[in-house]
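Whatever order the structure lists ligands and atoms in, that order sets their numbers, starting from 1. This structure is a prediction, so every number in the text was calculated from the model and none was measured. Start at 1 with the first residue, then count along the sequence.
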Amino acid sequence: MVDKQKVRYQLQEIERMNPCKQINLMEVCGTHTHAIGKSGLRQLLPQNINLISGPGCPVCVTDDWEIESYLDLARQGRVIIATFGDLLKVPGTRGSLADARGDGIRVSVVYSPLEALTLAQNNPTAEVVFLGAGFETTTPVVAMSVLEAKERGLKNYSVFSMHKLVPPALAALLEDKEVNVDGFILPGHVSTIIGQEPYQFLSRDYGKGGVIAGFEPEDILETVGMLLAQMNQGEPAIKIQYHRGMAPEGNAVAREAAAKVFTPEDARWRGLGLLPESGLRLRREYERFDAKAKFGLPQVPPTAVKVQPGCACGEILKGIKKPHQCRSFGRACTPMEPVGPCMVSSEGTCAAYYRYAEYQ
Ligand code: SF4
């Protein structure tokens, strides 16, 4: 239940601190984008405070070559694909996983990688491949599924890792001349794992402030206020608004589980390109659980593959375009018939703008 009195007070404070020039604040996380749309915060804030969405939806940032690669594997019919529902309708050149399933290919929607593990155990003559797409929040539980598979002696379970790391993407945005961000609304969920420290470079090296935010409208407004206060004082810093959800040092146990199984590698992001050490692959000692190694799938290609030429998802993930500036938005591209992943995923920016009819 929104505390209307608090919201009114927060908006007055924002108005009081308003520097009356264009301020671009990027909400990095797709969950924040949806919370902002649902509560109508964009319309409530002063017009010069521009909330722009960033690369915080894991399905959206998954590059086309990875999508083509797992779709090819699925269509070979050699494996059961286990996936979160969000990837089901992401289109490739020959349709999506949902289309493949319609053609009789075995695709199973799971709610956790441990469920995929059970699927493998129950189908000992089949190979089960779990599609791992997610940020630092998701990797520990995927790592635990690999450790558990090893413990149980399962030989028919593997992970197709598309995992990505948030800090390198923020660095890439700030190196990009097209991108214009004054401060960051940082992701609460990712930060519960990585803590505050990995963002320090934002203020130290780039002079940009960041506040780790919770997901209620009051949290987001307080965060905007904290960022404006930093700007007015000329003291960019990394602060936490989401104290109730995280410890400043993050979760070391979860990080250790992830680091035991995964190691950083260069990864290609939609919109951002090939970023050094921004993805995760399975360590050599867990290679038998690595679907890319097990099935001889291609490694990161030197050049980008572009499957949906009319889709502006890449620019939207960098915050240089808003969804309604894509000519397909709401016409050729809707959640019922999505053209690009930013409309498919429940965390996607285009899906949020469509759902909450946002045109600013
Ligand atoms: Fe891509 Fe559709 Fe978003 Fe346009 S509206 S950028 S086509 S996902």
Side-chain angles (χ1 to χ4, degrees), residues 24 26-38 40-43 50-71 83-100 131 133-135 162 164 169 172-173 176 178-181 185 187 267-273 275 303-360:
N24 294 327
M26 175 176 276
E27 86 270 3
V28 177
C29 171
T31 310
H32 278 141
T33 303
H34 279 259
I36 289 165
K38 189 174 179 189
L41 291 187
R42 249 179 275 275
Q43 291 75 29
N50 184 27
L51 299 185
I52 54 179
S53 306
C57 153
V59 169
C60 308
V61 298
T62 299
D63 197 68
D64 282 327
W65 81 271
E66 283 179 314
I67 294 168
E68 288 301 297
S69 183
Y70 71 67
L71 282 168
T83 178
F84 294 142
D86 266 12
L87 277 174
L88 207 57
K89 285 172 79 177
V90 176
T93 42
R94 290 187 297 145
S96 63
L97 279 177
D99 298 323
L131 302 182
F135 297 121
M162 299 176 274
K164 300 202 168 43
L173 284 171
D176 191 323
E178 282 186 300
V179 177
N180 182 8
V181 179
I185 298 171
R268 190 172 281 290
W269 295 55
R270 185 182 303 278
L272 298 177
L275 305 184
T303 53
V305 177
K306 179 104 170 137
V307 173
Q308 310 295 348
C311 176
C313 235
E315 288 119 302
I316 285 163
L317 291 165
K318 293 202 291 184
I320 58 178
K321 264 192 183 175
K322 295 216 173 183
H324 54 84
Q325 292 168 325
C326 168
R327 63 177 184 276
S328 301
F329 179 73
R331 299 183 184 96
C333 182
T334 65
M336 288 69 74
E337 288 192 49
V339 172
C342 297
M343 187 63 92
V344 176
S345 170
S346 59
E347 290 191 30
T349 304
C350 297
Y353 274 64
Y354 183 88
R355 182 165 184 189
Y356 302 111
E358 291 202 278
Y359 288 88
Q360 80 177 68

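- For the side-chain hydrogen bond (donor to acceptor under 3.5 Å, both in side chains) test, residues two or more places apart in sequence or in another chain that qualify with Arg94 are Asp72.
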Donor-acceptor contacts, no H, no angles, side chain residues 335-343, under 3.5 Å, sequence neighbours left out:
none

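- Counting only distances under 2.8 Å, and ignoring water, the protein N, O or S atoms around atom 1 (Fe) of ligand 1 are Cys311 SG.
- Leu51 contributes atom CG, which lies 5.0 Å from atom CD1 of Ile36 (distance to the nearest 0.5 angstrom).
- His324 contributes no side-chain N or O that, together with a main-chain N or O of Tyr353, makes up a donor-acceptor pair within less than 3.5 Å.
- Using a 4.5 Å heavy-atom threshold, the side chains of Thr62 and Arg270 count as separate.
- Every residue two or more places apart in sequence or in another chain that forms a side-chain hydrogen bond (donor to acceptor under 3.5 Å, both in side chains) with Glu27 is listed here: Thr33, Ser53.
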